[in-house]
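Ligands are counted one by one from 1 in listed order, and the atoms in each one are counted from 1 as well. Since this is a predicted model, take the numbers as computed values, not measurements.
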Amino acid sequence: MNKQNIFLSGITAMAALPSFAQNTAVTEKPMNILYIMCDDHSYQTISAYDHRFIETPNIDRIGNEGVVFTNSFVANSISGPSRACMLTGKHSHKNGFIDNAHRFDGSQQTFPKLLQKAGYQTAVVGKWHLTSNPTGFDYWNILIGQGDYYNPYFIDNGKKVQKEGYATNIVTNLALEWLENKRDNEKPFCLLLHHKAPHRTWMPDTCDLGAFDHVKFPLPENFYDKYEGRVAASEQEMSIFKDMDLVYDLKMADKENEIHTKTGLEKGGRHMYNRLNPQQKAAWDAYYDPIIKDFKSRNLKGKELAEWKYQRYMHDYLSVIRSVDRNVGQVLKYLEEKGLLENTLVVYTSDQGFYMGEHGWFDKRFMYEESFRTPLLARLPHGKKGHVAQMVQNIDYASTFLELAGVEIPGDIQGVSLLPLLKGERPKDWRKSLYYHFYEYPAEHAVKRHYGVRTERYKLIHFYNDIDVWELYDLKKDPGEMHNLFGKPGYDKITAKLKKELVKLQTQYDDPIESQLKK
Ligand code: SGN
Ligand code: CA
C-alpha cells in the first residue's frame with residue numbers, strides 16, 4: 001500500500017486534516033488532479049472528436065473511460081490569456097492578462113494557491129507563458145516563453161537548465177519524476193502537465209518523421225474562402241498560402257541557402273535547425289532534404305503551392321500529435337501501474353482550438369468555431385461515461401478542481417464547477433450562452449479586437465477598435481460561418497435578442513465594453 005492509500009485510513013488522523021478532507025467522507029480518499037494541456041491542439045485532430053486526420057487512442061481513452069465535452073470553449077483564444085482564465089476562473093478583464101504582451105500578476109488568487117492552502121501538493125511542468133514566475137506551486141519546472149521543441153531550456157524552480165531531447169518527452173519525464181520521487185506522498189496532488197506541442201513550428205520528434213507520408217489530406221471545403229461580408233476575416237494574416245513561411249514553418253532551410261523568405265522568419269527557421277544536435281540533424285536531414293530537393297525542382301505557384309503548403313503543414317502538425325498521444329499514454333500507464341488512476345481526475349485540454357486549413361488558415365484568435373472551441377476530455381473515477389453537450393468554458397476549470405477538492409469556491413470566481421456534469425447530473429439552470437473577448441491587436445496575425453455572444457444556435461460578434469463591424473451567424477444553417485447575416489432582412493429580432501444577451505453577460509461578468517463604446 002503506498003502512502004497515498006493510507007492517507008485517510010484512520011479517524012485519528014482527522015484532527016490534523018487540512019480543509020479539503022473535512023469536506024470529504026472519512027472513508028473517501030481525496031482526489032488527485034492531473035490537468036494535461038497542450039498548446040494549440042485542435043479538436044479536429046483528436047479522434048474522440050474527429051476521425052478524418054489521425055487516431056489518438058491514448059487521449060481518447062480519457063474520454064472513453066470518462067467524458068468528452070462536445071461543446072467546450074475558451075474565453076479568449078490565445079495562450080497566456082487562456083492560461084490566466086484557467087488559473088483564476090475569471091475572464092481576461094478580471095485577471096488582467098488580456099493579451100500575450102502582458103505579465104501575469106502572480107499575487108492574485110488562483111486555484112493552485114487555494115488547493116495548496118487546503119493541503120494539496122501542487123506542481124506545474126512545461127509551458128507556462130505568463131512571464132512572471134509561477135506562484136502557488138510546490139514545484140515548477142517551466143519552458144522559457146514558448147519554449148523549444150529540441151533541447152529546450154527550462155526554469156527549474158528559478159534555475160535555468162537546458163535539457164537534451166524532445167520537449168514532449170522531456171515534459172512527460174519531468175511530470176513522472178515529480179510524481180514518483182519529488183512530491184509528498186502523504187498529500188493529494190494537483191499536477192499541471194502543460195506541453196509546448198503542437199504549437200508553431202510543429203517540429204516532429206525524429207521517430208515520427210514521415211509518419212503520414214502515405215496520406216494526402218482532403219482540403220477543407222472553405223480552404224479558398226474569399227471572406228465576402230467579413231471584413232476582419234479578410235484582413236487577418238494567418239493564411240496558409242500567404243503567411244505560412246516556407247523556411248520557418250515548413251522546414252525548407254536548404255543547405256544551398258537558395259530559399260529566401262521573410263528575413264526574420266527565415267533566420268528563425270535556420271536557427272531552429274541549427275539547434276539540433278548531430279544525431280537529431282542526421283534524422284532531420286534524412287527526412288527533409290529529399291522534400292526540399294523535390295520542392296525546389298517543382299517551382300510551385302498559386303493553388304499548387306497553397307495545397308503543397310497545406311499538406312506539409314498537416315503532415316508536420318499530425319506527426320507532433322503522435323508524440324503527444326504516445327506521451328499521454330505513458331502517463332496514464334504510470335497512474336494505472338501505481339494504483340493512482342482510480343483516485344485521480346484526469347483532464348485533457350488545449351489552451352484553445354486551431355485552424356487546420358479551414359478558411360485557408362492556421363493559428364487561432366477568432367471567435368469562429370475552430371478557435372473558440374477547445375478539446376476537453378475528463379476521466380473522473382466512478383463518474384459519468386459518454387458525451388457532455390452542455391456549453392462549458394475554460395473559466396470553469398478552477399471551480400471544478402476546487403469543488404472536487406472540497407474547497408469552498410470564492411465568490412469572485414466567474415466560472416462554474418463542471419463536477420455535476422462529470423458525475424452525470426443534469427443541472428437545470430445550466431448556462432444558455434457564452435461570452436468571449438479577444439484583445440490582442442494590433443499584433444502578429446492581425447486579428448482585430450472583438451467580443452461576442454454564442455448561444456446553442458447563433459453567434460453575434462462585434463469587431464471594434466479600429467473598425468466597427470458586427471457579424472451574425474446561424475450555426476445550424478451555416479456551421480462553417482461563411483455567411484454574415486448581420487443587417488440582412490429577417491434577422492432584426494434575433495439580432496436584438498442576442499445584443500440583449502450580450503449586454504446581460506457583460507453586466508454579469510462586469511465587462512462594460514459595449515456601453516463604453518456607445519458613449
Ligand atoms: C507566437 C507565434 C504565433 C502565435 C503566437 C501566440 N509566432 O508569437 O504564430 O500566434 O505565438 O501563440 S512565432 O513566430 O513565435 O512562432 S500562443 O498559443 O502562444 O498564444
Ligand atoms: Ca496556444
#### Entry: Option whose closest heavy atom lies nearest to atom 11 (O) of ligand 1, chosen from Q146, M272, M244
Q146

Within a distance under 4.0 Å of any heavy atom of [X], pick out the atoms of ligand 1 and give their elements.
X	result
D39	18 (O)
K127	19 (O)
N100	6 (C), 17 (S), 20 (O)
R365	4 (C), 5 (C), 6 (C), 10 (O)
Q352	18 (O)
D351	18 (O)
D363	4 (C), 9 (O), 10 (O)
I78	6 (C), 20 (O)

### Within 45° cone and under 6.0 Å: K303 NZ/CZ vs Y224 ring
yes

#### Entry: Stacked cation flag K251 on Y273, 6.0 angstrom / 45 deg
no

Donor on one side chain, acceptor on other, [X] and [Y], under 3.5 Å:
X	Y	result
Y441	K448	yes
H129	S79	yes
T374	S72	no
R83	N394	no
D468	H462	yes
N274	H271	no
E369	Y43	no

Among all protein heavy atoms in this structure, tell me which lies nearest to [atom], with the distance rounded to 0.1 Å.
atom	value
atom 9 (O) of ligand 1	H445 NE2, 2.7 Å
atom 8 (O) of ligand 1	E444 OE1, 2.6 Å
atom 17 (S) of ligand 1	S79 CB, 3.2 Å
atom 13 (S) of ligand 1	Y248 OH, 3.1 Å
atom 12 (O) of ligand 1	K364 NZ, 2.8 Å

### Nearest-0.5 Å distance that lies between atom CG in L87 and atom OG1 in T110
6.0 Å

### Summary
Value for NZ (K262) from CG (D243), rounded to nearest 0.5 Å, stands at 5.5 Å

### Task
State whether the shortest distance between N or O atoms of T201 and N or O atoms of ligand 1 falls below 3.5 angstrom.
no

Among the N/O/S atoms of [X], select the one at the shortest distance from the Ca ion (ligand 2) and name it.
X	answer
D39	OD1
D40	OD1
D351	OD2

### side chain to side chain donor-acceptor pair (under 3.5 Å) partner of R326, chosen from D208, N58, T172, T168
D208

### Query
Under 4.0 angstrom from ligand 1, any heavy atom of F362?
no

### Query
Within Q352, is some N, O or S atom less than 3.0 Å away from the Ca ion (ligand 2)?
yes

